[in-house]
Amino acid sequence: NAGVTQTPKFQVLKTGQSMTLQCAQDMNHNSMYWYRQDPGMGLRLIYYSASEGTTDKGEVPNGYNVSRLNKREFSLRLESAAPSQTSVYFCASSLGQGFHGYTFGSGTRLTVV
Amino acid sequence: AQSVTQLGSHVSVSEGALVLLRCNYSSSVPPYLFWYVQYPNQGLQLLLKYTTGATLVKGINGFEAEFKKSETSFHLTKPSAHMSDAAEYFCAVSEGVGGGADGLTFGKGTHLIIQP
C-alpha cells in the first residue's frame, strides 16, 4: 500500500544538467500533479494531468516538461537546470472529483549549484 | 476564481494551550475545504476535510475545523497543543471538477510553533 512514490529523494545538479523526477501512484487515481515548495511561497503548481493522455500547465511551468507515461506514472523533467529551480518537489494524485483531496508523495529535495 | 488566505505565517502557542489557525477563502460556488499538515522533511498529509453536511469537521490528532459560510472561513482548532503538533499547516479549497483537474488551491501555509 505505497500510495505515491517519488524518486529520487535527494539530488544535487550542476547548472545546465538535466534530470527527470519520477512519480508513481498505485491508487488508480485519474489526476496527477507536480508542485514545488519554496520558503514563504507555499505550494505552487508546475504541471498537472487531469487524466491519462492529457497534461496542462500550472502556475510556474517555465523550465519544466512533463510526461504522463500511463495512468500510474507522471514524470517531471528539467532540461537545463538553473539555481532558481532549487526547491522541494512534490508529486500528488487524486480521483479528480474535487471532494477527495490529494495524496502526496514524500518529496524530492533538489539543489542546483 | 477561488483563493485561500491563511492569517499568520507563524503561530506560536504554549504546550497545553488552544491552537487556532485561521483560513479564509473565496469561491464562486459552495466549496470543498481541506486542511493538510506537513511535518519536517515529509510530504503533506490530509488532516480533515469539509464536503457537505455537518459544518464542524473532526480530523486526526484531535484537530477540528468549522465551515462558516457567512464568514467564508474554515479555521482549524485543537483544545490542547502537544509538542508533536509542531508542523506546517496548509488550508486548501476546491470548487470541484474543472480547471486544474480538482482545481485545488492552497494557502501559503502557517508554521505552528509549540513552546514548552
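Bear in mind that the values here come from a model prediction, so they are computed numbers and not experimental data. Note on naming: letters A, B, ... go to the chains in the order of the sequence lines (proteins, then strands), and numbering restarts at 1 for each one.
- Interatomic distance, CZ of B/Phe90 versus CZ of A/Phe104, reported as 8.5 Å (0.5 Å rounding).
- B/Leu47 and B/Val4 fall within a single hydrophobic cluster, where Ile, Leu, Val, Met, Phe, Trp and Tyr are joined by side-chain heavy atoms under 4.5 Å apart, directly or via other members.
- Transitive grouping of hydrophobic side chains (ILVMFWY, heavy atoms separated by less than 4.5 Å) brings A/Val88 and A/Tyr33 into a common cluster.
- Of all the heavy atoms in B/Leu104 and A/Tyr35, the pair that sits closest is O-OH, 3.9 Å.
- Each salt bridge (Lys or Arg N to Asp or Glu O under 4.0 Å) pair with one or both residues in residues 47-64 of chain B, not counting sequence neighbours, appears once here: B/Lys58-B/Glu64.
- Hydrophobic cluster membership is shared by B/Ile60 and B/Phe67, with clusters built from Ile, Leu, Val, Met, Phe, Trp and Tyr side chains linked at under 4.5 angstrom.
- Heavy atoms of B/Gln38 lying under 4.5 Å from chain A belong exclusively to its side chain.
- Proximity to chain B is absent for every atom of A/Glu59, based on heavy atoms less than 4.5 angstrom apart.
- Contact of B/Ser9 with chain A is not made at all, since no heavy-atom distance falls under 4.5 Å.
- Grouping the Ile, Leu, Val, Met, Phe, Trp and Tyr side chains by contacts below 4.5 angstrom, directly or via other members, places B/Val37 with B/Val93.
- Within the 4.5 angstrom heavy-atom criterion, only side-chain atoms of B/Tyr36, from C-beta onward, approach chain A.
- Taken together through direct or relayed side-chain contacts under 4.5 Å among Ile, Leu, Val, Met, Phe, Trp and Tyr, A/Met32 and A/Trp34 form part of one hydrophobic cluster.
- Only the side chain of A/Arg109 comes within less than 4.5 Å of a heavy atom in chain B; its backbone stays farther off.
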